[in-house]
Amino acid sequence: MTNFDLTEEQQAVRDMVRRYAREKIAPIAAELDEAQQFPEQSFKKLGEMGILGIGFPEEEGGMGGDTLSYIIAVEELSRVDGSHGITLAAHCSLGVWPIYAFGTTEQKQKYMPKVCSGEYLSSFGLTEPEAGSDAGGTRTTAMLDGDHWVINGSKQFITNATYAGVLVITAKTDKEAKGSHGISAFLVETDLPGFNLGKKENKLGLRASDTRELIFEDCRVPRDALLGELHRGFPLFMKTLDGGRISIAALALGIAQGALDASVPYAMERKQFGQPICEFQMIQSYLADMQTEVTAARHLTYHAARLKDAGKRHSMESAMAKYYASTVAMKATTLAIQIHGGYGYTKDYPVERYFRDAKLCEIGEGTSEVQKIVIARELIKQHAG
Ligand code: COS
């Protein structure tokens with residue numbers, strides 16, 4: 001990988017996470033995937049290393065790194081195991097970031113040190129059975145009763161749910177308001193009465209990551225658990241997703257790079273017709289496509305991260321990075337299996353896992369179709385002046 005003008009700090013994060021991923025995660029990734037086992041020990045260790053608070057200021061309890069350092073950490077984990085990558089992505093982008101960006105001083109003092117150190121894992125409860133791409137279709141409600149909000153409803157496909165200490169969730173606070181209006185965000189501690197975990201999903205890929213349903217039955221959270229402005233939860237989570245989508249781009253990028261990492265040495269070692277298959281031009285064509293497209297995806301992803309670091313609007317760039325990197329991950333992992341031939345279709349090589357893991361990138365945090373809507377709308381807006 002070329003340097004991409006990384007600072008010394010960004011390179012140090014990359015090297016640290018890369019070393020940890022290669023030495024500690026790569027040897028156990030296949031086993032965790034097979035057993036659908038969440039890597040609790042890894043996240044304890046990543047918390048000790050500061051990685052769970054990597055993109056947040058030291059005074060908030062974070063490591064003091066920037067968005068790009070965090071994105072590189074997701075990429076390096078995903079290069080050996082997408083389940084680790086998505087767990088970090090959901091924690092930092094969807095759980096911690098909204099607390100940091102929209103929390104009151106009291107909320108930040110209460111939660112930031114815990115989520116940055118890994119004492120609490122965190123995540124985001126937005127999706128519901130009737131509110132997937134149509135994120136404004138939220139049916140979960142939060143009604144004020146004295147000094148408490150009473151939450152009722154359910155959330156689906158929530159990453160990290162079992163292991164989270166606090167979650168950001170969304171609920172309708174004005175039942176009369178239509179569509180994206182009248183939704184608010186809340187901080188919910190997961191040991192509250194009325195908060196229950198539902199079914200654990202048995203997934204195609206990212207099987208060592210935790211994905212569950214959340215069920216709220218008269219779950220009472222304190223009045224000051226409201227995060228951000230009342231009834232303005234929709235823009236809050238759209239801004240959150242603008243950042244989250246860069247981390248899913250990094251997940252896709254890492255998986256695609258992992259597929260390429262596995263394919264080059266395999267193509268150099270595997271002999272057919274009396275020579276290594278890397279000497280055949282059709283295999284070279286596959287490798288050339290993978291290298292070119294992975295590099296292009298990295299440019300888009302790092303660019304979106306740099307815009308976020310510069311405090312500039314990055315909705316379109318995040319969507320482009322996610323859309324493109326996900327497409328690249330699907331293609332690169334498909335080609336990696338093709339290069340490995342019959343062996344690639346078995347669990348003896350990691351490329352079948354990468355292939356299964358890649359598919360989520362085209363779905364989670366907004367499908368590729370949703371990304372195209374975001375890109376086109378931004379483009380039209382820019383042209384309208
Ligand atoms: N940043 C800040 N505000 C934003 C925003 C952004 N990126 N995008 C939209 N908003 C604001 C709009 O300005 C508008 O504000 P007002 O109510 O003040 O006018 C409001 O949010 C509604 O926006 P819009 O009309 O664009 O909403 P739509 O219902 O048309 O949104 C899409 C359509 C499909 C783009 C949206 O629902 C979406 O992204 N869906 C996918 C959700 C998703 O990713 N789910 C997976 C979650 S996994 S955690």
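Because the structure is predicted, anything quoted here is derived from the model rather than measured. Any value given below was found using the heavy atoms of this structure, including those in side chains, with hydrogens, waters and symmetry copies removed. Counting convention: from 1, in listed order, for ligands and their atoms alike.
Residue, atom and distance of the protein heavy atom nearest to atom 20 (C) of ligand 1 are Phe234 CD2, 3.7 Å.
Looking at heavy atoms from C-beta onward, Glu201 lies in side-chain contact with Lys199 at the 4.5 angstrom threshold. Within the 4.5 Å cutoff, the side chain of Thr170 has heavy atoms near those of the Lys155 side chain.
Near Glu365, with a cut-off below 4.0 Å to any heavy atom, the atoms of ligand 1 are 44 (O), 46 (C), 48 (S). Every atom of ligand 1 is numbered from 1 in the order shown, and the set under 4.0 Å from a heavy atom of Lys239 is 1 (N), 2 (C). Near Leu126, the atoms of ligand 1 lying under 4.0 angstrom from a non-hydrogen atom of the residue are 47 (C). Using a 4.0 Å cut-off to heavy atoms of Gly132, the atoms of ligand 1 that qualify are 42 (C), 45 (N). Near Phe124, meaning under 4.0 Å from one of its heavy atoms, ligand 1 places the atoms 49 (S). Contact atoms of ligand 1 toward Leu94: 49 (S) (distance under 4.0 Å to a heavy atom of the residue). Here is the list of ligand 1 atoms found below 4.0 Å of a heavy atom in Leu241: 43 (C), 44 (O). Taking every non-hydrogen atom of His181 and a distance limit under 4.0 Å, the qualifying atoms of ligand 1 come out as 17 (O).
Considering Met316, Arg377, Met238 only, the shortest heavy-atom separation from atom 8 (N) of ligand 1 involves Met238. Closest heavy-atom approach to atom 6 (C) of ligand 1 within the set Arg232, Lys322, Glu369, Arg313: this belongs to Arg313. Closest heavy-atom approach to atom 44 (O) of ligand 1 among the candidates Arg245, Lys155, Gln371: Arg245. Of the candidates Ser315, Ser318, Ser133, the one placing a heavy atom closest to atom 40 (N) of ligand 1 is Ser133.
In this structure, Thr140 contributes its side chain and Gly153 its backbone to no donor-acceptor pair below 3.5 Å. Checking side-chain atoms of Gln107 against main-chain N and O of Leu226 turns up a donor-acceptor pair under 3.5 Å. The closest donor-acceptor contact from the side chain of Lys108 to the backbone of Tyr100 lies under 3.5 Å. Without hydrogens or angle criteria, Asp357 side chain to Leu206 main chain gives a donor-acceptor distance under 3.5 Å.
Among the atoms of Asp242, some N or O lies under 3.5 angstrom from an N or O of ligand 1. The distance criterion of under 3.5 Å between nitrogen or oxygen atoms is met by Gly366 with respect to ligand 1.
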Exercise. Where do Glu365 and Lys322 land on the salt bridge (charged side-chain N to carboxylate O under 4.0 Å, His left out) test, with the steps shown first?
Worked result: CA-CA 9 Å; Glu365 294 196 39; Lys322 181 186 182 291; over 6 Å; no
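Note: Ser247 OG to Glu75 CD = 12.5 Å, rounded to the nearest 0.5 Å. If you take CZ on Phe237 and OG on Ser184, they are separated by 10.5 Å, rounding to the nearest 0.5 Å.
Proximity of Thr127 to ligand 1, defined as any heavy-atom pair under 4.0 Å, is confined to the side chain (atoms from C-beta onward).
Between Glu378 and Arg313 there is a salt bridge, since a side-chain N of the basic residue sits under 4.0 Å from a carboxylate O of the acidic one.
Using a 4.0 angstrom heavy-atom cutoff, Ile373 does not count as in contact with ligand 1.
Less than 4.0 angstrom separates atom 27 (O) of ligand 1 from at least one non-hydrogen atom of the protein.
Between Phe43 and Phe38, the ring-plane angle classifies as parallel under the 30° and 60° cut-offs.
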